[in-house]
Student: 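Okay, handing you the structure first.
Just so it is clear: chains get the letters A, B, ... in the order the sequence lines come, proteins before strands, and each one is counted from 1. All heavy atoms count here, side chains included; hydrogens, waters and symmetry mates do not.
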Protein chains: 2
Amino acid sequence: MDKNHTASVLIDLSAAIVSVRGDQPVCLTVPDVSEYQTPGLPFGPFYPDRHRTMEIGLRQWVIEQTALDIGYVEQLYTFGDRGRRSEGPEGADNQNEEEHIVSVGYLALSKQCPQPDQWSEWYKHFPWEDWRNGRPNILNQQIIPYLEAWSGSDEFRRHRLQQVFGFPDKAWNDEFVLDRYELMYEAGLVWEAYADGRQKEKISAQNGIAMQLDHRRILATAMSRLRAKLKYRPVVFELMPSAFTLTQVQKTTEAILGAILHKQNFRRQLAKNELVEPTGQMSKARGRPAELFKFKHDENQSTNLPGLRIPLGKSRNF
Amino acid sequence: MDKNHTASVLIDLSAAIVSVRGDQPVCLTVPDVSEYQTPGLPFGPFYPDRHRTMEIGLRQWVIEQTALDIGYVEQLYTFGDRGRRSEGPEGADNQNEEEHIVSVGYLALSKQCPQPDQWSEWYKHFPWEDWRNGRPNILNQQIIPYLEAWSGSDEFRRHRLQQVFGFPDKAWNDEFVLDRYELMYEAGLVWEAYADGRQKEKISAQNGIAMQLDHRRILATAMSRLRAKLKYRPVVFELMPSAFTLTQVQKTTEAILGAILHKQNFRRQLAKNELVEPTGQMSKARGRPAELFKFKHDENQSTNLPGLRIPLGKSRNF
DNA sequence: GGATTTATACTCAATGTGAGCATAATAAAG
DNA sequence: CTTTATTATGCTCACATTGAGTATAAATCC
């Protein structure tokens with residue numbers, strides 16, 4: 001059947017497997033293979049014969065290939081336009097018979113991250129997203145000037161610039177990671193735009209480390225989703241060990257949000273929502289020892305729990 | 001290649017195309033074909049050769065087949081386990097060569113809904129989700145007693161019952177449409193569970209009108225997503241005509257949420273967020289005439305706008 | 001022992017929210 | 001033409017939440 005032939009595709013499951021190492025959110029990557037030395041997200045094919053659902057299929061190859069214990073898994077988005085890669089200037093189309101691929105992106109959270117060299121820090125790929133030490137320099141020094149030139153007098157472009165980058169007079173919104181990346185892609189400000197043939201010349205500035213195919217876009221989607229979810233579901237605890245101090249929870253939250261939070265108010269929220277309970281033990285470190293807590297609903301699904309409202313503060317406009 | 005053969009699938013794009021008729025949210029359905037007379041959602045294949053992205057493909061066949069103007073489109077979820085249908089007791093497997101289908105669900109919003117017979121009211125499929133006239137009788141008379149018996153002394157089941165149905169002593173959460181449907185499915189309380197072979201006997205009670213395959217699940221996903229989105233993005237206006245009264249906005253919101261809102265507080269939110277602006281004209285109906293408004297950001301994307309916080313009230317526990 | 005570091009308790013003003021009363025402007029009823 | 005029903009809109013007020021800070025406690029480092 002001709003119809004069936006043109007409609008048949010392969011399914012790739014790509015995963016942004018996220019963990020936190022120290023005070024840096026990290027993401028599992030696979031070694032670079034192309035001439036451009038860009039890392040990529042782990043992915044594997046979905047075999048509908050073997051696995052009843054895609055999530056089962058995903059968990060299967062993650063266990064097989066990484067031996068990781070991923071608890072929380074969430075589907076992000078399905079991209080049907082990965083064909084981009086064949087439009088790029090990098091050479092001939094290598095796929096036989098123009099086999100199409102649909103990629104389903106997943107977000108997974110892992111408490112541990114062994115083998116440090118395989119985990120890549122979020123903010124090396126997105127340096128403009130980490131505001132913990134104030135407004136990142138790269139914004140004023142590179143990104144914003146370029147984007148302003150790009151938008152020119154185009155009313156729509158200027159409006160988007162204001163919406164997603166908060167330039168010139170709106171607040172920065174930490175959830176717009178994907179929107180910002182896509183705007184930069186459109187403006188030819190990231191390497192992937194060059195690889196996909198959207199712009200002819202390789203950009204001079206290094207706006208974060210690029211990734212293979214649309215993997216940086218998937219990571220951006222994961223970051224957006226995780227930052228948003230953190231605010232209404234207690235997913236942080238999927239990244240915490242079984243016992244932790246309240247400061248550790250806060251540091252992990254801050255790492256993901258890329259922003260500093262008010263300590264006392266953060267703890268007030270944790271207390272009000274009754275998400276943690278004391279273990280009785282104390283941590284030993286520098287300074288006054290902190291009480292060790294554990295997540296109250298560890299046995300249950302963390303889905304549909306009250307969630308932790310994050311005290312974001314008012315003056316987020318630097 | 002054997003590997004490629006088992007991994008190759010067909011992509012179906014299924015759409016929950018939602019509109020509001022009077023005070024009822026409705027959803028475009030296609031006539032029933034099976035012996036069970038169950039309606040289904042419109043769907044069509046995705047041809048990766050023809051359409052660059054899946055959203056383009058979706059818009060294409062919606063335009064071709066329904067001549068509808070859908071503005072807002074959002075991807076919901078990708079289901080790889082539609083194969084359920086072949087497990088059912090309804091007879092032999094009809095698909096030649098066991099061709100697998102992955103279905104990508106979409107939510108679309110339409111301002112108009114012509115041809116009334118093709119649009120099906122949400123709450124005929126989900127009668128327990130409409131709380132505008134108080135707690136629906138079907139809950140206490142059928143669903144809850146059955147679910148309580150089903151959970152028995154199983155701690156996990158009782159916990160889920162409390163979480164998603166608020167029984168016995170938690171508040172009803174209007175966003176848990178999908179969770180409630182899935183719980184009822186698992187408990188064998190909806191017709192689809194019978195069709196899929198999860199339970200042997202056809203259920204006696206009619207817990208809402210069933211749909212084909214997993215379409216009611218997709219509709220539940222759409223309802224959950226829309227109810228949630230309404231609270232932080234101004235998507236209601238995708239369902240409103242170009243000029244409207246504030247009461248019309250409220251009635252539409254209430255229809256989707258399945259709950260009654262406090263009038264004055266609802267308007268306070270609209271005013272504060274500056275989402276509407278007066279047209280100068282007045283509506284003529286019974287009672288005092290209301291001012292006609294229009295959406296302030298009609299030309300722009302309604303994505304990433306401040307959004308309208310909905311005054312939900314406190315005593316939502318009947 | 002004093003400086004440093006971290007934890008935790010408590011306060012307070014500003015804002016947001018739920019709930020309600022009061023009043024205005026129209027059409028329909030008598 | 002007055003009353004009544006109906007819808008729209010203005011306003012208040014108590015209460016909860018939040019942002020931002022001060023004060024104090026308990027440990028380590030030197």
Student: Ignoring backbone atoms, establish whether A:Q269 has a side-chain N or O less than 4.0 Å from OP1 or OP2 of D:dT18.
Tutor: yes
Student: Taking the ring centre of each residue, are B:F176 and B:F165 less than 6.0 Å apart?
Tutor: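 Ring-ring flag for B:F176/B:F165: false, centres at least 6.0 Å apart.
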Student: Could you tell me the separation between the CG atom of B:L292 and the P atom of D:dA8, rounded to a whole number of Å?
Tutor: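 Result: 11 Å.
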Student: Roughly how many Å is it from CZ in B:R286 to P in D:dT4, rounded to a whole number?
Tutor: 18 Å
Student: Take A:F295 and A:F244 through the ring-ring contact (aromatic ring centres under 6.0 Å, His included) test and state the conclusion after the steps.
Tutor: CA-CA 9 Å; A:F295 184 40; A:F244 44 78; 7.9 Å; no
Student: Show the nearest heavy-atom pair for residues A:V26 and A:W119, with the distance to one decimal.
Tutor: CG2-CE3, 3.7 Å
Student: Kindly give the heavy-atom pair with the smallest separation between B:Q248 and B:A243, and that separation in Å.
Tutor: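 Closest pair (atom of B:Q248, atom of B:A243, distance): OE1-O, 4.5 Å.
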Student: Using the ring pair (Phe, Tyr, Trp, His ring centres under 6.0 Å) criterion, which residues pair with A:Y123? Sequence neighbours excluded.
Tutor: none
Student: Could you state the atom-to-atom distance from NE2 of A:H262 to P of D:dT22 in whole Å?
Tutor: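 For the pair A:H262 NE2 and D:dT22 P, the rounded distance is 10 Å.
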Student: Detail all sub-3.5 Å separations between protein N/O atoms and N/O atoms belonging to nucleotides 23-25 of chain D.
Tutor:
unit_1, atom_1, unit_2, atom_2, d
D:dA25, N3, A:R288, NH1, 3.0

Student: For the pair made of CZ in B:R267 and P in D:dA8, what is the distance, rounded to whole Å?
Tutor: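 From B:R267 CZ to D:dA8 P: 6 Å.
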Student: Write down the distance between CG (B:N265) and C1' (D:dA16), rounded to a whole number of angstrom.
Tutor: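 Result: 14 Å.
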Student: Does the plane of the ring in B:Y181 sit parallel, tilted or perpendicular to the ring in B:F126? Use 30° and 60° as the thresholds.
Tutor: perpendicular
Student: When you measure from the side chain of B:A290, which nucleotide among C:dT17, D:dT9, C:dT8 comes out closest?
Tutor: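 Nearest to the side-chain atoms of B:A290, counting from C-beta on, is D:dT9.
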Student: Would you kindly compare A:F293 and B:G287 by the position of their nearest DNA chain C nucleotide and give the one closer to the 5′ end?
Tutor: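 Mapping each residue to its closest nucleotide by heavy atoms, the 5'-most match is A:F293.
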Student: Which pairs with one or both residues in residues 246-257 of chain B pass salt bridge (Lys or Arg N to Asp or Glu O under 4.0 Å), sequence neighbours excluded?
Tutor: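 Those involving residues 246-257 of chain B are B:K251-B:E254.
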Student: Rounded to whole angstroms, how far apart are CG on B:L270 and P on D:dG10?
Tutor: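 Rounded to whole Å, this separation is 13 Å.
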Student: Nearest-Å distance, CG (B:L261) to C1' (C:dG18)?
Tutor: 12 Å
Student: What nucleic acid atoms does B:T247 come within less than 4.0 Å of, heavy atoms only: base, sugar-phosphate, or nothing?
Tutor: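 Result for B:T247 = sugar-phosphate.
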Student: Taking atom types as they are modelled, is there a donor-acceptor pair under 3.5 Å from the base of C:dG16 to the side chain of B:R268?
Tutor: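 Counting by modelled atom types and ignoring angles, no donor-acceptor contact under 3.5 Å is found here.
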Student: For A:K284, which contact category applies under a 4.0 Å heavy-atom criterion: base, sugar-phosphate, or nothing?
Tutor: nothing
Student: For A:K263 and C:dA9, what is the distance between atoms NZ and C1' respectively, to the nearest whole Å?
Tutor: 13 Å
